[in-house]
Protein chains: 2
Amino acid sequence: MKDSSLELFVVLSRAYQSIMEVAKKDTQRFGLNLTEFGVLELLYHKGPHPLQKIGGKILLASGSITYVVDRLEEKGFLERKACERDRRITYAFLTEKGKTLMEDIFPSHAEVLQQALNGITESEKTEAIQMLKKLGKYAAARK
Amino acid sequence: MKDSSLELFVVLSRAYQSIMEVAKKDTQRFGLNLTEFGVLELLYHKGPHPLQKIGGKILLASGSITYVVDRLEEKGFLERKACERDRRITYAFLTEKGKTLMEDIFPSHAEVLQQALNGITESEKTEAIQMLKKLGKYAAARK
DNA sequence: TATAATTATCTCGAATTCGAGATAATTTCC
DNA sequence: GGAAATTATCTCGAATTCGAGATAATTATA
């Protein structure tokens, strides 16, 4: 019986890489890499987060969070603030500069992504989302 | 009008990462990372290649090819051989050790991947492949 | 044929990521 | 209450990747 898994693996990888390439090139317009953009977007849309939680959402190791948050703090887009209840925890939150940046660039970035994903129709996208969700869940459970 | 592009972007990323995580963990059983495995697999299935061509297929910058081929040569899985027609070119080809390794591990790696991708049915896979091909082509054209 | 343009590989520094271990704070449990 | 386990962050070294520039070889062109 035929199994298309390996081909699926290959085309999934290619599609992912091509799309990420577009996304990356776009964020570079603003001097940000994808990780930095991801952190800023998280804080912009979901508000302040403990560093730990950021790592969970963006899939970053603890050392990498410290690193990327350092970079963004240097650039003035976010700040750290100690948690008062639990002093192990540090929150990251957007500065005014960071908020303004995201207001400026998020819409056009979203548009670039939408453009990049226009290789299939809206109804195909809905289908693809369903399948990719299943694939992702299933694979994640095999860790 | 609704546009599911951003959701598609997110679930595509998640699915990709989960699957790659499984693939990576599997190759680590043999002390290889995914890039190393990719190079060996290419040589195993498609025969000797100029380093340049390897970079084209695996999507690696020139400096990275030199690096990964160095590692694999150190480990004894491949060797370099100067091209006689064109002395700018260096071929990489599997040693006996490398060939034996791939004979040993490729089948089980393929099986792990197939397992990881079993979150959807065979007919869904065929559909997914079609859509991902379109997505990939379209995005690649926007570079 | 000499010169210019192109091509393949390598070197090297910078950037990013991981993960183990250190430290400090909090929570659990006896 | 205090020891032990857990949790959050940071530090630091190792691994990997990129890309610019160097070098050498080949091809195209005047």
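All of these numbers come straight from a predicted model, not from anything done at the bench. What you see below is based on every heavy atom in this structure, not just the backbone, and it leaves out hydrogens, waters and symmetry mates. To find a chain, count down the sequence lines: A is the first, B the second, and so on, and within it residues start at 1.
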**OP:** May I ask you to check if A:Lys97 and A:Phe77 form a cation-pi contact, with NZ or CZ under 6.0 angstrom from the six-membered ring centre and within 45° of the axis?
**Re:** yes
**OP:** Would you mind listing every ring pair (Phe, Tyr, Trp, His ring centres under 6.0 Å) that reaches into residues 105-128 of chain A, with sequence neighbours excluded?
**Re:** A:Phe37-A:His109, A:His45-A:Phe106
Original post:
Taking NZ, NE, NH1 and NH2 as the nitrogens, is one of them in B:Glu21 or B:Lys24 under 4.0 Å from a carboxylate oxygen of the other?
Top reply: no
Original post:
Is any side-chain nitrogen or oxygen of A:Asn33 closer than 4.0 Å to OP1 or OP2 of C:dT16?
Top reply: yes
Original post:
When you measure from every atom of DNA chain D, which of residues 57-68 of chain A have a heavy atom less than 4.0 Å away?
Top reply: A:Ser62, A:Gly63, A:Thr66
Original post:
Any side-chain heavy atom of A:Leu59 sitting closer than 4.5 Å to one from B:Arg14?
Top reply: yes
Original post:
So with a 6.0 Å cut-off around NZ of B:Lys53, is the heavy-atom count from everything else above 12?
Top reply: no
Original post:
Ion pair present between B:Lys99 and B:Asp104, side-chain N to carboxylate O less than 4.0 angstrom?
Top reply: no
**OP:** Take the protein atom CD1 of B:Ile54 and the nucleotide atom C1' of C:dT9, then report the distance between them rounded to whole Å.
**Re:** 12 Å
Original post:
By a strict heavy-atom criterion of less than 4.0 Å, which residues belonging to residues 72-88 of chain A are in contact with DNA chain D?
Top reply: A:Arg80, A:Arg88
Subject >> A:Tyr91 vs A:Lys24, nearer the 5' end of DNA chain D by closest nucleotide >> reply: A:Tyr91
Original post:
If only atom types and distance count, is the side chain of B:Thr95 paired as donor or acceptor with the main-chain N or O of B:Gly76 below 3.5 Å?
Top reply: yes
